[in-house]
Amino acid sequence: MSTIALNIKTLVTSLLKEDLTPTDAEQTLNEIHKHFQDVTEITGFDTKMEHLAAVPTAKGKALGLNHAAKCLLDYKRTLKFLKAMVTAIKDKQTQHPGELITIFYAGCGPYAPFVNLIAPLFGTDEIQFSILEINENSLNAAKKLIEALELTQYVKEYHLADAVTFKVPNANSYHILFSETLDALLYRECYVPILFNMLPQFREDVALIPENVIVDACLLSNSTNTPNYTEEKLCNAVDARKAVKLHTEPNIPKQLADVKVNLEAVNMANYKAMLLDTKVHVYKDIWLDRNESSLTLSLEMELAQPFEKKEIIFTYQMDPDIELKCMLN
């Protein structure tokens, strides 16, 4: 293991301490980011066109190389995903004593952070990764970083492919499926279609990280920018795992089943706005809640009064574009 990898191991160990402060977490992740950018020469902030462009997939788009690199500096996101992965690996070691714990990593970006942060914490006889990435430049950068950190023995195979359509070789052999391919409101990125494609391929007890993404619709008495407001949950507009579980067809659907809410029994005069709130269930009791991360930024929409509509319909579509639509009747 290289000197840089040993340094990263020390830094990651500090990130897992219970008494870690937000300031210490940010400083530590900034230091790790510096190591990664020095090796890959990708900062996340340059303006090269090939680093900025998103990559089309069979359904939705994958982040451009630049944006994917910056995800490391989404501090709470990285910290909670890191803790989730370490916890899941230890859980699987308990469930399968003596086995090599295998992890399928869909959408690694240019830093493959959840290889390069986690591998130094375990032995090569304990964990092994298979990596999939649709962006060739990202995959090449990830390989370069893994090689520089002398962590190549932790990676069984690399796949340059689209996770929305990819058939995983020996899918039943994996203990953990990790896919950080999502955005707030499940917009544009491929988390949901990837689940539809991949989850049925793996064994039933595979640990999925993040476990689920839920988008709630809430009614607000006033804007969240005001000091005193109340909110009332209206419905789950999207529940990704529930949708996958209920789907019985072999193909990925063009859209999820509509969620219809009858508003006739609701006194809409009491509400000034509606909020769409993304919650990411990372693993077990680890959640990313409202506005903790770029993944959970909320969307507030003003409700014009008098409000006379009788029904609201939420439609999460995956074809031709991935987005949550809202229609009032």
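Values reported hereafter were calculated over all heavy atoms of this structure, with side chains retained and with hydrogens, waters and symmetry mates removed.
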Atom pairs and distances, side-chain donor-acceptor, residues 242-252, under 3.5 Å, sequence neighbours left out:
unit_1 : atom_1 : unit_2 : atom_2 : d
His247 : NE2    : Glu249 : O      : 3.2
His247 : NE2    : Asn251 : O      : 2.7

Report summary line: When every non-hydrogen atom of Pro253 is compared with those of Met318, the smallest separation belongs to O-CE, 3.4 Å
Report summary line: Residues Phe314 and Cys235: closest non-hydrogen pair is CE1-SG, 3.6 Å
Report task. Report the C-alpha distance between Asp38 and Lys34 in whole Å, list the side-chain angles of each, state the deciding distance to 0.1 Å, and finish with yes or no for salt bridge (Lys or Arg N to Asp or Glu O under 4.0 Å). Result -> CA-CA 6 Å; Asp38 285 348; Lys34 180 67 165 60; 3.0 Å; yes
Query raised in the report: Step by step, would you call Ile32 with Leu15 a side chain to side chain contact (heavy atoms under 4.5 Å, CB included)?
Result: CA-CA 11 Å; Ile32 291 170; Leu15 289 173; 4.0 Å; yes
Residue list, side chain to side chain donor-acceptor pair (under 3.5 Å) with [X], at least two apart or on another chain:
| X | result |
| --- | --- |
| Tyr316 | none |
| Thr230 | Ser221 |
| Tyr271 | Glu232 |
| Thr181 | Ser179 |

Do [X] and [Y] sit in the same hydrophobic cluster, where Ile, Leu, Val, Met, Phe, Trp and Tyr count as joined when their side-chain heavy atoms come under 4.5 Å apart?
| X | Y | result |
| --- | --- | --- |
| Leu20 | Phe81 | yes |
| Leu275 | Leu263 | no |
| Val164 | Tyr187 | no |
| Leu324 | Leu299 | yes |
| Val266 | Leu276 | yes |

Return the [atom1] to [atom2] distance between [X] and [Y], rounded to the nearest 0.5 Å.
| X | Y | atom1 | atom2 | value |
| --- | --- | --- | --- | --- |
| Ile146 | Gln153 | CD1 | CD | 13.0 Å |
| Leu11 | Ile4 | CG | CD1 | 11.5 Å |
| Ser293 | Leu288 | OG | CG | 5.0 Å |
| Ile127 | Ile89 | CD1 | CD1 | 4.5 Å |
| Phe178 | Ile103 | CZ | CD1 | 10.0 Å |
| Thr226 | Asn228 | OG1 | CG | 7.0 Å |

Query - Sequence-distant partners of His281, ring-ring contact (aromatic ring centres under 6.0 Å, His included), two or more places apart - result: Trp287
Requested in this report: Report the residues that fulfil ring-ring contact (aromatic ring centres under 6.0 Å, His included) with Tyr174, sequence neighbours left out, ordered by chain and then residue number.
Outcome: Phe104, Phe202
Requested in this report: Start with the C-alpha distance between His96 and Gln93, add both sets of side-chain angles, then the distance that settles side chain to side chain contact (heavy atoms under 4.5 Å, CB included), and finish with yes or no.
Outcome: CA-CA 5 Å; His96 305 276; Gln93 287 177 323; over 6 Å; no
Report task. Before giving the answer on side chain to side chain contact (heavy atoms under 4.5 Å, CB included), spell out for Ile118 and Leu82 the whole-Å C-alpha distance, their side-chain angles and the decisive distance to 0.1 Å. Result -> CA-CA 8 Å; Ile118 286 167; Leu82 173 65; 3.7 Å; yes
How about [X] and [Y]: do any of their side-chain heavy atoms sit closer than 4.5 Å?
| X | Y | result |
| --- | --- | --- |
| Cys326 | Met274 | yes |
| Ile8 | Asn116 | no |
| Leu73 | Asn30 | yes |
| Glu31 | Asn7 | yes |
| Val155 | Tyr105 | no |
| Leu234 | Ile312 | yes |
| Glu126 | Ile101 | no |
| Gln317 | Asp321 | yes |

Look only at the side chain of [X] and the backbone of [Y], and say whether a donor-acceptor pair between them is shorter than 3.5 Å.
| X | Y | result |
| --- | --- | --- |
| Asp162 | Ile134 | no |
| Glu133 | Gly109 | yes |
| Thr78 | Leu72 | yes |
| Asn197 | Phe166 | yes |
| Glu292 | Lys76 | no |

Requested in this report: For the pair Val280 and Thr296, evaluate side chain to side chain contact (heavy atoms under 4.5 Å, CB included) and give the outcome as yes or no after the intermediate values.
Outcome: CA-CA 7 Å; Val280 179; Thr296 57; 3.8 Å; yes
Report task. Report the residues that fulfil side chain to side chain contact (heavy atoms under 4.5 Å, CB included) with Ile313, sequence neighbours left out, ordered by chain and then residue number. Result -> Asp258, Lys260, Glu311, Thr315, Met327, Asn329
Counting neighbours of [atom1] on [X] that are heavy atoms of other residues, nucleotides or ligands and sit closer than 6.0 Å, is the number greater than 12?
| X | atom1 | answer |
| --- | --- | --- |
| Lys143 | NZ | yes |
| Gln305 | CD | yes |
| Glu323 | CD | yes |
| Gln255 | CD | yes |

Show which side-chain atoms of residues 204-218 pair as donor or acceptor with protein atoms under 3.5 Å away, not counting sequence neighbours.
unit_1 : atom_1 : unit_2 : atom_2 : d
Asp205 : OD1    : Arg203 : NE     : 3.2
Glu211 : OE2    : Lys284 : N      : 2.8
Asn212 : OD1    : Ala240 : N      : 3.4
Asn212 : OD1    : Arg241 : N      : 2.9
Asn212 : ND2    : Asp239 : OD1    : 3.0
Asp216 : OD1    : Asn236 : ND2    : 2.3
Asp216 : OD2    : Lys279 : NZ     : 3.4

**Report entry** Selection residues 1-28 - residue pairs positive for ring-ring contact (aromatic ring centres under 6.0 Å, His included), sequence neighbours left out
**Finding:** none
**Report entry** Of all pairs that satisfy ring-ring contact (aromatic ring centres under 6.0 Å, His included), the ones with a partner from residues 115-158, not counting sequence neighbours
**Finding:** none
Report task. Not counting sequence neighbours, which residues clear salt bridge (charged side-chain N to carboxylate O under 4.0 Å, His left out) with Asp24? List them please. Result -> none
Requested in this report: Let me see the working for Gln95 and His175 under side-chain hydrogen bond (donor to acceptor under 3.5 Å, both in side chains), right down to the final yes or no.
Outcome: CA-CA 10 Å; Gln95 295 164 17; His175 301 88; over 6 Å; no
